[in-house]
Amino acid sequence: MSASLTTRRALAAVLAAGALIGAAAMPAAADGHGHGRDNGRNHGRDHVREHDHGRDNGRDNGRDQGRGRDHRAPSSIAIGEVQNEDGMRGDRFGRALNREWVEVKNTGRHAVNLRGYTLTDEQGNRYRFPDFRLDGRSSVKVHTGQGRNTRHDLYQDRRRQVWDDSDTATLRDDRGNIIDTESWGRRGHHHRNG
């Protein structure tokens with residue numbers, strides 16, 4: 001009978017330990033952490049934009065060829081519309097540079113600080129975001145030219161055009177992970193995000 005009592009005590013200890021582990025894991029699972037579930041939250045994975053005309057036809061497929069990263073981080077931050085100015089090369093005063101912009105959107109409910117995020121083109125031109133808080137469900141236009149930064153407009157302070165007639169804008173987070181890309185000019189617009 002002693003062996004039976006020992007077995008029952010061991011079994012009770014194992015069940016109690018399992019209950020404690022289950023109770024500790026429950027809040028994390030309910031909050032959407034683990035197992036790749038987002039419990040209905042939109043983290044930019046299934047967001048459809050007006051100009052989303054399909055995939056990138058095999059170009060890059062989410063790989064950052066320069067850095068070797070092969071994934072896209074889930075994010076509520078995404079590239080919105082892109083306006084590149086064709087024929088501005090003859091503009092002596094650079095006014096047309098501010099008509100060239102890339103919109104960055106926050107599709108989530110909460111504000112995100114974009115400090116350290118980067119926006120690059122295919123030629124390697126890079127804009128690093130300053131300490132800038134993008135409110136939830138809002139956007140900011142990143143202009144090529146010079147100007148005063150506001151809540152809705154940021155300026156790269158460049159004197160030359162960045163976005164070509166056929167180019168790709170790549171948005172990376174502060175760790176260098178690709179958040180979103182937008183291509184245009186080859187066979188129409190092609191948008192791809194995480």
Side-chain angles (χ1 to χ4, degrees), residues 27-56 60 62 64 67 69 71-85 94-122 125-158 161-163 167-184 189-194:
D31 194 33
H33 298 294
H35 303 298
R37 296 182 184 135
D38 69 358
N39 292 331
R41 292 187 181 104
N42 181 355
H43 292 286
R45 292 180 207 173
D46 58 352
H47 184 72
V48 177
R49 276 174 267 306
E50 299 167 4
H51 63 279
D52 188 3
H53 297 295
R55 300 203 174 251
D56 62 359
D60 194 19
D64 177 8
R67 294 184 180 212
R69 290 195 171 90
H71 65 282
R72 293 177 188 272
S75 176
S76 63
I77 304 299
I79 295 174
E81 295 182 36
V82 175
Q83 174 67 44
N84 67 310
E85 269 303 305
R95 287 183 288 242
L97 290 175
N98 287 334
R99 292 192 305 261
E100 178 179 84
W101 46 262
V102 174
E103 179 185 44
V104 176
K105 300 169 88 173
N106 182 354
T107 61
R109 293 186 336 208
H110 304 288
V112 175
N113 192 333
L114 298 180
R115 178 182 39 218
Y117 280 56
T118 59
L119 192 57
T120 57
D121 70 347
E122 288 181 340
N125 294 305
R126 182 175 65 179
Y127 171 73
R128 183 175 300 277
F129 283 82
D131 187 10
F132 181 80
R133 178 186 149 147
L134 183 58
D135 291 332
R137 295 189 174 109
S138 66
S139 65
V140 63
K141 289 181 180 175
V142 180
H143 299 270
T144 299
Q146 298 179 339
R148 184 170 178 244
N149 292 342
T150 68
R151 289 180 49 210
H152 301 289
D153 296 285
L154 293 174
Y155 296 86
Q156 296 186 45
D157 293 330
R158 295 184 185 269
Q161 180 180 6
V162 171
W163 308 109
D167 212 338
T168 298
T170 302
L171 179 65
R172 291 182 179 87
D173 66 13
D174 57 349
R175 294 180 181 200
N177 297 313
I178 295 175
I179 299 298
D180 201 3
T181 62
E182 174 73 22
S183 296
W184 60 92
H189 268 249
H190 302 289
H191 186 87
R192 180 169 173 97
N193 80 343

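Heavy-atom basis, side chains included; hydrogens, waters and symmetry copies ignored.
Listed by chain and residue number, Ala111, Asp135 satisfy the side-chain contact (heavy atoms from CB on, under 4.5 Å) test with Arg133 (two or more places apart in sequence, or in another chain). Evaluation of the side-chain contact (heavy atoms from CB on, under 4.5 Å) rule for Asn113 yields Arg115, Asp131 as partners, not counting sequence neighbours.
Using a 4.5 Å heavy-atom cutoff, the side chains of Gln83 and Trp163 are not in contact.
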| task | Show the numbers, then the answer: is there a side-chain contact (heavy atoms from CB on, under 4.5 Å) between Asn149 and Phe132? | result | CA-CA 10 Å; Asn149 292 342; Phe132 181 80; over 6 Å; no

| query | Going through the distances and angles, do Asp173 and Tyr117 end up as a side-chain contact (heavy atoms from CB on, under 4.5 Å)? | reply | CA-CA 4 Å; Asp173 66 13; Tyr117 280 56; 3.9 Å; yes

| Passes side-chain contact (heavy atoms from CB on, under 4.5 Å), Gln156 versus Asn125? Steps please. | CA-CA 11 Å; Gln156 296 186 45; Asn125 294 305; 6.0 Å; no

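Partner of Arg172 under the side chain to side chain donor-acceptor pair (under 3.5 Å) criterion, out of Asp180, Thr181, Asn177, Thr120: Thr120 alone. Paired with Ser139 under the rule side chain to side chain donor-acceptor pair (under 3.5 Å), one option of His152, Glu81, Glu103, Lys105 passes, and it is Glu103.
Between Ser138 and Asn106, the side chains place no donor N or O within less than 3.5 Å of an acceptor N or O (distance only, hydrogens not considered).
Proximity of a side-chain donor or acceptor of Asp167 to a complementary backbone N or O of Asp121 within less than 3.5 Å is not detected. Formation of a donor-acceptor pair under 3.5 Å by the Thr107 side chain with backbone atoms of Ser76 is found in this model. Within the 3.5 Å criterion, the main-chain N or O of Val162 finds a donor-acceptor partner in the side chain of Glu100. At least one donor-acceptor pair closer than 3.5 Å links the side chain of Asn98 to the backbone N or O of Gln146.
Here Tyr127 contributes atom OH and Leu154 contributes atom CG; the two are 4.0 Å apart, rounded to the nearest 0.5 Å. Taken from CG in Asn84 to CD in Gln161, the straight-line distance is 7.0 Å, to the nearest 0.5 Å.
The aromatic rings of Tyr155 and His143 lie parallel to each other, their planes meeting at an angle below 30°, with 60° marking the opposite boundary.
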